Structure formats: C-alpha cells, structure tokens
Amino acid sequence: MILVTGATGNVGRHLVGELLTAGAAVRALSRNPATANLPSEAQVARTDEMPLDGVTSLFLNPAAFWGGLGDLLPRAADHGVRRVVMLSSAAALDDDPSNELASHHLAVERAIEATGMEWTFTRPGEFATNTLAWREALSAGEPVREPYAAARSTPIHERDIAAVAAKALLTDDLVGGKPVLTGPEVVTHPEMVELIGEATGLPARFEEISPERAREEMLGRPYMREGLVDVLLRLRAQAVDAPVEPSGEVERITGRPGRTFKEWAADHADDFR
Ligand SMILES: NC(=O)c1ccc[n+]([C@@H]2O[C@H](COP(=O)([O-])OP(=O)(O)OC[C@H]3O[C@@H](n4cnc5c(N)ncnc54)[C@H](OP(=O)(O)O)[C@@H]3O)[C@@H](O)[C@H]2O)c1
C-alpha cells in the first residue's frame, strides 16, 4: 500500500492517478475526505488520522504539514514503512543559511535520512502552477505586475513531478537519488503571460515593476513573511544573470520529454477564465 499525503494537491492528484493506473493500492490523505473528490479506487483517509497499517511506501508533501511532521516519521518506521519519496525543492541546493526555503526542505530531508528508511528526494524548481496566482489580474484584464522581467525560468508541469514520484515509488531506480526537476525549456515570465494569453484568449499583458514595489505588495499577501519574500526576490534577481538550466531529469527518468509551458497553459486554460 502506498500512502499519498497532499493527495488533493497539484502534484498529489496526478500521482494518485498514476499509481492507480499502474495497479498499485493507494491510500490518499486529505484534511477533508468528504470534499476530496479522489478516485473511488483509492482509499481516502484524514491527514490528521494518518492510518499507517499496511503501508510500505509514503509520498511526503511538506505542504500538507504546515504545523510540522510531528511523530510521523518514527511512527512510519515503526509500522514497517520501507520507503519515503519526498516532494522536496531545488531550493535545497542553496547553502545560504538565510534561505528559509532551503532550510525548511533540508530539515525534512535530514529527518527522513535519519530514519534509515529508503528515500528519494525529488527536487523540483519553479512550478508552472505558481502562475495561477496571476489568474485574478488576467481574468480582470489587468497586467501581471512583477519585477525582473528579464529573469529566466524553467517552469515544470506538476504532471511531470508526479510521473517522477510514481517512478520513485514503483521501482527501485531512484532509491537514494535527489533528482533536480525542471521544465524542458527556458522562458521568461513575460513570455509565460503571452502563452497564457494564447491558450485562454484573454488579453494578457506583463508590466515590470520595481523590486521595492514588488516587496511591498508581496508582504501584503497571506502566508508571506519578510524572510520568504526576500528569498523569492533574490532568486528572481539571480535568474536574470544566472538562470537555472533545464536539468533533463524528467526525460531521463520517465523516458518522455518534459511538458512545455505552452502545454501547461493549454491544460489549465479553463483555470484562468
Ligand atoms: N511552488 C513551487 O514553485 C515549488 C517549488 C519547489 C518545491 N515545492 C514544494 O511543493 C510543495 C507544494 O506541492 P503542491 O503544489 O502539490 O501542494 P499543494 O497543492 O499546495 O497542497 C497539497 C495539499 O496539501 C493540503 N494543504 C494545503 N495547505 C495546507 C495547510 N495549511 N495545512 C495542511 N494541509 C494543507 C491540501 O490538501 P487538503 O485540503 O485535501 O488537506 C492540498 O491539496 C511545496 O510545499 C514545496 O514543498 C514547490
């Protein structure tokens, strides 16, 4: 039995589908199983109950554990869970101690390593789904306002992250691996706005603003703390001169090319309208 945490999320929902298609037994967790809308072939349970009986492998998405993991890992080891596949982050590559995205993911990676269970840490970079934050502006005919228009990105489709996670759960190929996952191409945010415009038919415009103004706006959003805002802005600034190159890992691991942002925008056109 494979236990999927964050099962209703961007990555989790596709992962549940992939695992079921491969014939695996899946227990999918949500804070609210009644509204989770997960496939009937999956057992659905509450995240806070964390039923571990019969579970041999665990997909761990930190987004489902904002309050911390509690005793999840020692309990999993006690229940005979043999493998943990974690949705970590490419941020874990940054050894700057002020990068809280890095320290948050590294702390979970280290806690998993300390259990002695088998592990894979998938380390994606920028999710294409982050652009859903532009929905409000785009559907209202407003421009997307951001700093660093020249920053280059390698946005990854959540389906590709799920495909790699499925491989890590279903085969032994990725045990002990920390694959850095990116999309297959380099694009800028203004280009991504344009691609969303083409996919949706919405008038899509990008307007560059100063980093200072962006900082102010970001601090006004829920869940945004000063340290996190500073890291996010620093990463965008770095992506102007030293962008992340496509890693090629999705194709190497899954045998199919990673999905482009154009494909992502077509898949999500309805989400913007
Ligand atoms: N965004 C990026 O660019 C990026 C880059 C690298 C790594 N990552 C990693 O990927 C993770 C996000 O993955 P994702 O997009 O698949 O996750 P997600 O869709 O944001 O969330 C997954 C599920 O977690 C549950 N959840 C959400 N907020 C919660 C909260 N406050 N407390 C408890 N449960 C909560 C929800 O399920 P229920 O409502 O059903 O309980 C949600 O469907 C990040 O946390 C980070 O670790 C992200």
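Every number for a ligand or one of its atoms is a count from 1 in the order of the listing. Both backbone and side-chain heavy atoms feed into the values below; hydrogens, waters and symmetry mates do not. Predicted model only: the values in this text are computed from it and were never measured.
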- Message: Would you say His189 and Glu194 are linked by a side-chain donor-acceptor pair, where the criterion is simply a distance under 3.5 Å?
- Response: no
- Please state whether Ser88 comes within less than 4.0 angstrom of ligand 1, counting heavy atoms only. yes
- Message: Only heavy atoms of Ala64, strictly under 4.0 Å: list the atoms of ligand 1 that pass.
- Response: 24 (O), 33 (C), 34 (N), 35 (C)
- Message: Suppose I only count heavy atoms of Glu126 and a 4.0 Å limit; which atoms of ligand 1 are within that range?
- Response: 3 (O)
- Starting from Trp66, walk the hydrophobic network (Ile, Leu, Val, Met, Phe, Trp, Tyr; side-chain heavy atoms closer than 4.5 Å) and list everyone else you reach, by chain and number. none
- Message: Can you tell me how far apart CZ (Phe65) and OG1 (Thr5) are? Round to the nearest 0.5 Å.
- Response: 4.5 Å
- Looking at ligand 1, does Arg13 have a heavy atom less than 4.0 Å from it? no
- Note on the structure: One finds that the ligand 1 atoms under 4.0 Å from a non-hydrogen atom of Leu87 are 10 (O), 11 (C), 13 (O), 47 (O)
- Find all atoms of ligand 1 within a distance of less than 4.0 Å from any non-hydrogen atom belonging to Asn130, and give their numbers and elements. 1 (N), 2 (C), 3 (O)
- Message: For a quick test of reading the model, state the closest non-hydrogen atom pair linking Ala28 to Val16 and the distance between them.
- Response: CB-CG2, 4.1 Å
- Can Ser88 and Glu109 be counted as having a side-chain donor-acceptor contact under 3.5 angstrom? yes
- Message: Check the orientation of His268 and His157. Use parallel for under 30°, tilted for 30 to 60°, and perpendicular for over 60°.
- Response: tilted
- Query: Do ligand 1 and Phe127 have nitrogen or oxygen atoms that lie under 3.5 Å from each other?
  - Reply: yes
- Taking atom CG of Leu72 and atom CE of Met50, what is their separation to the nearest 0.5 Å? 5.0 Å
- Distance-only side-chain donor-acceptor flag, Glu18 / Thr21, under 3.5 Å: no
- Task: Record the part of His105 in heavy-atom contact with ligand 1 below 4.0 Å; permitted values are side chain, backbone, both and neither.
- Result: side chain
- Task: Go through ligand 1 atom by atom and flag the ones less than 4.0 Å from a non-hydrogen atom of Val11.
- Result: 16 (O)
- Message: Would Pro62 count as a contact residue for ligand 1, given that I'm defining contact as a non-hydrogen atom of the residue lying under 4.0 Å from a ligand atom?
- Response: yes
- Message: If only side-chain N and O atoms count, and only distance matters, is there a donor-acceptor pair under 3.5 Å linking Ser30 with Asn32?
- Response: no
- Note on the structure: If you compare Arg31, His14, His104 by their heavy atoms, the one closest to atom 27 (C) of ligand 1 turns out to be Arg31
- Is Ala91 in contact with ligand 1, taking contact as a heavy-atom separation below 4.0 Å? no
- Which ligand 1 atoms are under 4.0 Å away from a heavy-atom of Ser30? 38 (P), 40 (O), 41 (O)
- Task: Supply the atom-to-atom distance Leu228 CG to Tyr223 OH, rounded to the nearest 0.5 angstrom.
- Result: 13.0 Å
- Message: With a heavy-atom distance limit of 4.0 Å, tell me whether Asn61 approaches ligand 1 through its side chain, its backbone, both, or neither.
- Response: side chain
- Enumerate the atoms of ligand 1 whose separation from the nearest heavy atom of Gly9 is less than 4.0 angstrom. 19 (O), 22 (C), 43 (O)
